[in-house]
Asks: 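The following block contains the structure, expressed as structure tokens.
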2 protein chains.
Amino acid sequence: MAKKNKTTIKDIANVLNISAAAVSKALHNDSRISEKTKKAVRQVAENLNYQPNHLASALRSGKSKLVGVIVPKTNSNFFSATIHNIEEVLNKEGYNIIITQSNESYKKECENIDTLLFTQVDGIIVSMANETVDLQHFEKVKQAGIPLITFDRGENDLNVDYIGIDDYDSSHRIVDHLVEQGCKRIAHIGGFKHTRIYNNRIRGYIDALEKHNLPLEKELLLESNLSTEDGRNKMQELLALDKKPDAVYVAGDYAALGALQVLNEKNIKIPDEIALVGFGDEPFANMVTPKMTSVNQHSYQIGKIAAEKFLEYTKQNQIQQTLQKHILKAELIIRESSLKKK
Amino acid sequence: MAKKNKTTIKDIANVLNISAAAVSKALHNDSRISEKTKKAVRQVAENLNYQPNHLASALRSGKSKLVGVIVPKTNSNFFSATIHNIEEVLNKEGYNIIITQSNESYKKECENIDTLLFTQVDGIIVSMANETVDLQHFEKVKQAGIPLITFDRGENDLNVDYIGIDDYDSSHRIVDHLVEQGCKRIAHIGGFKHTRIYNNRIRGYIDALEKHNLPLEKELLLESNLSTEDGRNKMQELLALDKKPDAVYVAGDYAALGALQVLNEKNIKIPDEIALVGFGDEPFANMVTPKMTSVNQHSYQIGKIAAEKFLEYTKQNQIQQTLQKHILKAELIIRESSLKKK
DNA sequence: ATTATCTGCTTAAACGTTTAACCAAATATT
DNA sequence: AATATTTGGTTAAACGTTTAAGCAGATAAT
């Protein structure tokens, strides 16, 4: 049962009395091999249950046909779905993916890079950890001469492709929507300012307020790590204000959930007393009470484009990457938590 | 920038005027190489920024140092955490993991297996898809001569190691708890009967009822795919009964969430009118209103043991696996949804 | 002084492919 | 008929390691 009967290309060659090289070519559909031979090779390969040795071909060709993916955490629906779509595109082209999690830790992200390079991946697709500020570890990837693609969380300074949604515009649309609902004191529980996407959401929030002639009040703009726990804390801070907000826009669904809990616990009516909007459209957004307005980030498109970008680069022999942004328009999904009955 | 300067073992050998073999041995701390040479080799390796070619060593040694992990979906906290722990143990031993998702699909699971075998993994750790009944695809893994470890969702017939919690016992403890709270009509929204863990939960539920001299009522035992959507449906079915239950034990948190939504929407008081218990202790269990009683599955231990079991087998040269179950006692976490104030 | 053992290497083959270079036979071109 | 081209392969080297076998020189044992 546990014996390795590994059929090789050579075994097939022996059966047919041709060279191993001919078999290799036949399997790769080389034009210099006759249809008859190809057919025979495929037949014998099947009979002997031939499984190509991926390592050998990788060694010889210098391509591992493996793509590394680094995400902060797999247990968010956005990342899980994005990974799935990356996989779908790459599998079709014969690539497999290696998923690693950084757990939002800069140190782990560095280790992830080392791990992936060690594994001889042909490229890396990454969404950066919250903690990451220094970008030195990514230089290793460039030096290895393989393409690097960023999505969701990237940095301009890296000078590589980025795929993400238009965070600035999303904030505008959220504020527009809240203003339309009659809200006048709109708070924002934002992410870390140094992370581009959160910075863009903050900028969008500020500019949108101005557009609507609403004053920007410092006490209504908070910085958070966007965990559920911190969402609770920040919501409590807001409720402790003399002049409470009448709407809260939270830059992440998990933190928004924390905020929602606090509001529910204090019996504050959502959305009538305080309207609530999250970001990310995690499945639970549609499950909590009241159902939460949120922003869908098009994980399908993002994963697809990221994978396609990688494939594009691998077809070039000289990889010369430049900053290339692929910005998608996100979708605001309006639910009970921000929709007032008139 | 994008040039592959790949330092090899041979480059190091040239610098030091020794053979490549000596370098290889020095790097592996072989006893037949002098400390002096080892030191020199390590120094030169560092200077030249030597990165071992994993593929070459894998080809030669027949070990890829890669372990495949197959899970139904990565976006559940249990799987995400388990994967993390598997990774932690295996990374220490120089292994990397390749994560694939079956999306609860039997067909995708078959593809996952092919993908992983193609990638020459040294072993596979799997939690089976809901759909999976036929086990033929796993025979391929055995035939490849690599260890196969199952966790959470496994099957006795596979005759390989299984790590999971004691589902039967967990059901008992849930029912015990609910009876203690004064519940007399306890319903169970269970998973697919053909999946072992769900079957065990059902059996535990039935036996526990008997233990407490409660009648088993057919209308109170439902089979579900445990999605949030179906949780809603099944809860509605239960509410449509002439004699409604006074407690509902749901075999998965996502479905329990659906049930909770329905109860909240209909303003049914939890836990006083109907108590609710979930399973899996997803983070949201602690976030919903009311906070939901659930069962923690010890992802840390499960991942650790699964990885250790794999390592154990790789140390043997003749892999002869037998059914070996590692059953952990789960932890019932009692929260508001089932704790009545007296 | 002779033989045995140990130390610290070297040599060469092997892992299973891919691929550049070559070649004989068949067919086409002039 | 002589030469060129095409067809359908073959040969051999290479990818970067690991490892079994071998071996010279130093040290120890008798």
Side-chain angles (χ1 to χ4, degrees), chain A residues 4-42 44-45 48-66 94 117-122 144-145 317, chain B residues 4-42 44-45 48-66 94 117-122 144-145 317:
Chain A
K4 307 204 182 194
N5 57 333
K6 296 288 176 199
T7 308
T8 77
I9 221 175
K10 215 160 184 175
D11 298 327
I12 301 176
N14 285 339
V15 171
L16 294 171
N17 245 327
I18 57 177
S19 71
V23 174
S24 172
K25 286 179 181 167
L27 292 171
H28 286 83
N29 211 19
D30 189 298
S31 65
R32 310 300 303 265
I33 301 292
S34 70
E35 263 316 315
K36 206 175 102 189
T37 310
K38 282 181 191 170
K39 221 167 205 165
V41 166
R42 282 193 278 258
V44 175
L48 298 183
N49 188 28
Y50 168 70
Q51 298 289 119
N53 185 321
H54 180 247
L55 295 171
S57 70
L59 174 61
R60 178 60 229 253
S61 65
K63 301 279 159 208
S64 68
K65 285 284 183 176
L66 246 34
L117 291 180
F118 175 73
T119 318
Q120 317 283 124
V121 294
D122 290 344
N317 37 4
Chain B
K4 307 207 181 192
N5 57 334
K6 297 287 177 201
T7 307
T8 76
I9 222 175
K10 216 159 185 177
D11 298 326
I12 301 176
N14 284 339
V15 171
L16 294 172
N17 246 327
I18 56 177
S19 71
V23 174
S24 172
K25 285 180 182 165
L27 291 171
H28 286 84
N29 211 16
D30 190 298
S31 65
R32 309 300 303 265
I33 301 292
S34 70
E35 262 316 314
K36 207 174 100 189
T37 309
K38 282 181 190 169
K39 221 169 206 165
V41 166
R42 281 193 279 258
V44 175
L48 298 183
N49 188 28
Y50 168 71
Q51 298 289 119
N53 185 322
H54 179 246
L55 295 172
S57 72
L59 173 60
R60 179 58 229 256
S61 65
K63 300 280 159 206
S64 67
K65 285 284 182 176
L66 247 32
L117 291 179
F118 175 73
T119 317
Q120 316 283 128
V121 294
D122 290 344
N317 38 3

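Residue numbers begin at 1 in each chain, while the letters A, B, ... track the order of the sequences.
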Asks: Kindly write out the residues that satisfy side-chain contact (heavy atoms from CB on, under 4.5 Å) with B/S34, not counting sequence neighbours, or none if the list is empty.
Replies: B/K36, B/T37

Asks: Kindly give the heavy-atom pair with the smallest separation between A/D122 and A/G62, and that separation in Å.
Replies: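 Between these two residues, the closest heavy atoms are OD1-O, 4.3 Å.
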
Asks: Can you pull the contact range of chain B along DNA chain C, 5' to 3', using atoms under 4.0 angstrom from its heavy atoms?
Replies: C/dT7 to C/dG16

Asks: Taking five pairs at each end, how big is the angle between the two axes of the helix from C/dA1-D/dT30 to C/dT30-D/dA1, to 10°?
Replies: 50°

Asks: Specify the separation, in whole Å, of atom CD1 of B/I9 and atom C1' of D/dT19.
Replies: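 Spelled out: CD1 on B/I9 to C1' on D/dT19 is 12 Å.
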
Asks: Considering non-hydrogen atoms only, spot the tightest contact between B/Y50 and B/L27 and give its length.
Replies: CE2-CD1, 3.7 Å

Asks: Please figure out whether B/R32 or B/Q51 has its closest DNA chain D nucleotide nearer the 5' end.
Replies: B/Q51

Asks: Check whether any side-chain N or O of B/S61 sits under 4.0 Å from OP1 or OP2 of D/dT19, and answer yes or no.
Replies: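 For B/S61, the contact criterion (side-chain N or O under 4.0 Å from OP1 or OP2 of D/dT19) is not met.
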
Asks: Could you pull out all residues at least two apart from B/V15 that satisfy side-chain contact (heavy atoms from CB on, under 4.5 Å)?
Replies: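 Here the qualifying residues are B/V44, B/L48.
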
Asks: Need one value for B/L55: base, sugar-phosphate or nothing, where a base atom within 4.0 Å counts as base even if backbone is also close, heavy atoms only.
Replies: nothing

Asks: Could you pull out the closest heavy-atom pair between A/K6 and B/Q120, with the gap in Å?
Replies: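 That would be NZ-NE2, 4.5 Å.
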
Asks: List for me each residue that meets side-chain hydrogen bond (donor to acceptor under 3.5 Å, both in side chains) alongside B/S57, sequence neighbours excluded, and say none if there are none.
Replies: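 side-chain hydrogen bond (donor to acceptor under 3.5 Å, both in side chains) list for B/S57, sorted by chain: empty.
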
Asks: Work out which heavy atom in A/A22 is nearest to a heavy atom in A/I33; give both atom names and the distance.
Replies: O-CD1, 4.0 Å

Asks: Only pairs at least two apart or in different chains count here, so list each side chain to side chain donor-acceptor pair (under 3.5 Å) that has a residue in residues 14-29 of chain B.
Replies: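 Found B/N29-B/K38.
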
Asks: Listed in order of residue number, which residues of residues 19-31 of chain B have a non-hydrogen atom at under 4.0 Å from DNA chain C?
Replies: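 When residues 19-31 of chain B is checked for heavy atoms under 4.0 Å from DNA chain C, the hits, listed by number, are B/S19, B/A21, B/A22, B/K25.
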
Asks: Looking only at heavy atoms, what is the nearest atom pair of B/L59 and A/A56, with distance?
Replies: CD1-CB, 3.8 Å

Asks: 5'-most contact on DNA chain C: A/P52 or B/I33, nearest heavy atom basis?
Replies: B/I33

Asks: Please tell me if the side chains of A/S64 and A/T119 come closer than 4.5 Å, counting only heavy atoms from C-beta onward.
Replies: no

Asks: Who are the side-chain hydrogen bond (donor to acceptor under 3.5 Å, both in side chains) partners of A/N53, not counting sequence neighbours?
Replies: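 Once residues adjacent in sequence are excluded, A/N53 has no partner under the side-chain hydrogen bond (donor to acceptor under 3.5 Å, both in side chains) criterion.
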
